[in-house]
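A short worksheet on the structure shown next.
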Protein chains: 2
Amino acid sequence: MSRRGQPNVATGERRQVILAAALACFDEIGLAATTMEQIRDRARCSIGSLYHHFGSKEGVASALFIDGISDLNAGLLERLDHCGSAEDGVRTVVLHYGDWVTRQATLARFLLHSREIHFAPEAKAELKAIYQRHFGAVFSWFGRFVVRGEMKQLPPETYIPIISGPIEDYARLWLSGRTSTPLAEVAEVFADAAWNAVRAR
Amino acid sequence: MSRRGQPNVATGERRQVILAAALACFDEIGLAATTMEQIRDRARCSIGSLYHHFGSKEGVASALFIDGISDLNAGLLERLDHCGSAEDGVRTVVLHYGDWVTRQATLARFLLHSREIHFAPEAKAELKAIYQRHFGAVFSWFGRFVVRGEMKQLPPETYIPIISGPIEDYARLWLSGRTSTPLAEVAEVFADAAWNAVRAR
DNA sequence: CATATTCTAGAATGAAATTCTAATGTGATA
DNA sequence: TATCACATTAGAATTTCATTCTAGAATATG
């Protein structure tokens, strides 16, 4: 079998350069308002190169989105592994979100403001698979505590909004500069609230 | 004094026709993907008229957004007036949101998916004023219960995310068709969760 | 080295947002 | 009623920008 013409070694690097340039543009100018030329200028490459690697502007945004979500998710599963109680788990979900958003503020701003991306079918499928795998793992982690009666039994689709919704909402606020209190300073408040909302009492 | 050149009577109507057409387009095709021509065709008007009334595509979106938010807000203040306890108030905030989103699903979908709108400075200022007035009223309504010790004392900016964040998050999920359980069926769950998160215990 | 394939480049194309110019409608005033 | 000032409508012209196309340079494999 022929393996000729495999991706060049430098390709991954070029991709990263483009993604970084795109993120900076999206952040400063907004997704809709940045042009491919602006991305090209910042990445110091050609239009052809942009389209070769990502196919379209939405392709660039999709890749950025998927990379970001994957990083966020991976970090949570990592930390959840070291948790020993329902309360510890719930608080970790909230606090990890807060930490990640604080650490990756620019990327987080992009993720949170990008409900507008018109994902191509393949990207949509990839995202769906990522979410399924991730939330499958999270639910299987928490399941036992519900069974044991340490957490309320609720309609399954409501756990995530109840636990993550508030800090996500605040993150949007903070990232858009409409509040002065840093996310890190109020993360514990949201961790408390989440636990109070789902603990069996 | 001259009052020549006042807005024509029919103007408000034309504006509404355009906004309705735009909302339908945005909902079916997406904000980014709908063209001014599509809006024009649906509204049965000219390009010139579109630009005369709204200045740009984002102008159309901004107007739609502001109208929607105003309606949502007004409804809440109305209902809050008839509430007599902290619990009643908190539950009403959540349930009104659920009712409104259910009733105005299309408009709600637009509002929730439109973090992407690049508001012009005037629209931004108008929105800010609207938010200030609204949340001022809401906070003044709830303030006494915090003072009386019936609700937890929390950093002020955290109440809204804690109370509204979860149902808002779920609304996004439901409106985008990613969950089968209607919002109306789980609204009470979110009302419970909100009250449990902020009640003094 | 030969060759298949990836990658880069930038000009050409086409679609769509926006601008522009002219005409028409409308209400207020004399 | 006639006229004026401005609001409104219209659609052609322009501009901007995503995307496509064609060709050449680079790279990996046999």
Side-chain angles (χ1 to χ4, degrees), chain A residues 1-22 25-26 28-64 114 116-123, chain B residues 1-22 25-26 28-64 114 116-123:
Chain A
M1 80 202 68
S2 161
R3 292 195 298 157
R4 279 175 174 174
Q6 282 198 330
N8 293 348
V9 180
T11 287
E13 206 172 320
R14 167 64 57 112
R15 268 182 64 98
Q16 285 316 113
V17 168
I18 292 175
L19 287 180
C25 288
F26 293 160
E28 287 170 23
I29 312 171
L31 175 59
T34 74
T35 70
M36 290 301 260
E37 278 196 10
Q38 290 168 319
I39 297 175
R40 176 202 62 181
D41 289 347
R42 217 191 257 251
R44 306 179 151 285
C45 68
S46 69
I47 291 290
S49 193
L50 243 46
Y51 278 87
H52 172 75
H53 287 289
F54 298 100
S56 70
K57 192 166 111 174
E58 301 236 331
V60 178
S62 299
L64 212 45
S114 295
E116 271 299 306
I117 302 176
H118 232 37
F119 294 106
E122 316 85 59
Chain B
M1 79 202 65
S2 164
R3 293 194 296 159
R4 277 177 177 173
Q6 283 195 329
N8 293 348
V9 181
T11 288
E13 208 174 319
R14 168 65 55 114
R15 267 181 65 97
Q16 284 316 113
V17 168
I18 293 175
L19 288 180
C25 288
F26 293 162
E28 288 170 22
I29 313 171
L31 175 59
T34 76
T35 72
M36 291 301 259
E37 277 197 10
Q38 289 168 319
I39 296 175
R40 177 203 63 180
D41 289 348
R42 207 158 188 146
R44 305 178 150 285
C45 68
S46 70
I47 291 291
S49 194
L50 242 47
Y51 278 88
H52 171 73
H53 287 289
F54 299 101
S56 69
K57 190 165 112 175
E58 301 236 328
V60 179
S62 299
L64 212 45
S114 296
E116 271 298 306
I117 301 176
H118 230 37
F119 294 105
E122 316 86 58

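Worth saying up front: this structure is predicted, and the values here are computed from it rather than measured. Throughout, a chain's letter reflects where its sequence line sits, starting with A, and its residues are numbered from 1.
- Comparing A:A32 and A:G48, the nucleotide of DNA chain D nearest to each residue sits closer to the 5' end for A:A32.
- Using a distance-only test at 3.5 Å, with no hydrogens or angles considered, no donor-acceptor pair links the side chain of A:H53 to the main chain of A:V60.
- B:R14 is not listed as a side-chain neighbour of B:H52, based on a closest heavy-atom distance of 4.5 Å or more.
- With sequence neighbours left out, the side-chain contact (heavy atoms from CB on, under 4.5 Å) criterion links B:E122 to B:A120.
- Under 4.0 angstrom from either OP1 or OP2 of D:dT9 there lies no side-chain N or O belonging to B:S46.
- Nearest to the side-chain atoms of A:K57 among the listed nucleotides D:dA10, D:dA18, C:dT18 stands D:dA18.
- OP1 or OP2 of C:dT8 lies within a sub-4.0 Å distance of a side-chain N or O belonging to A:R14.
- Proximity note for A:S56 (side chain, C-beta onward) versus D:dT19, D:dA12, C:dA9: the nearest is D:dT19.
- The side chain of A:T35 lies closest to D:dC17, out of D:dC17, C:dT19, C:dT8.
- Distances shown here put a side-chain N or O of B:H53 below 4.0 Å from the OP1 or OP2 atom of D:dT9.
- Residue B:H52 places at least one side-chain N or O closer than 4.0 Å to OP1 or OP2 of D:dT8.
- Contact between B:V17 and B:A43 at its shortest, heavy atoms only, is CG1-O, 3.8 Å.
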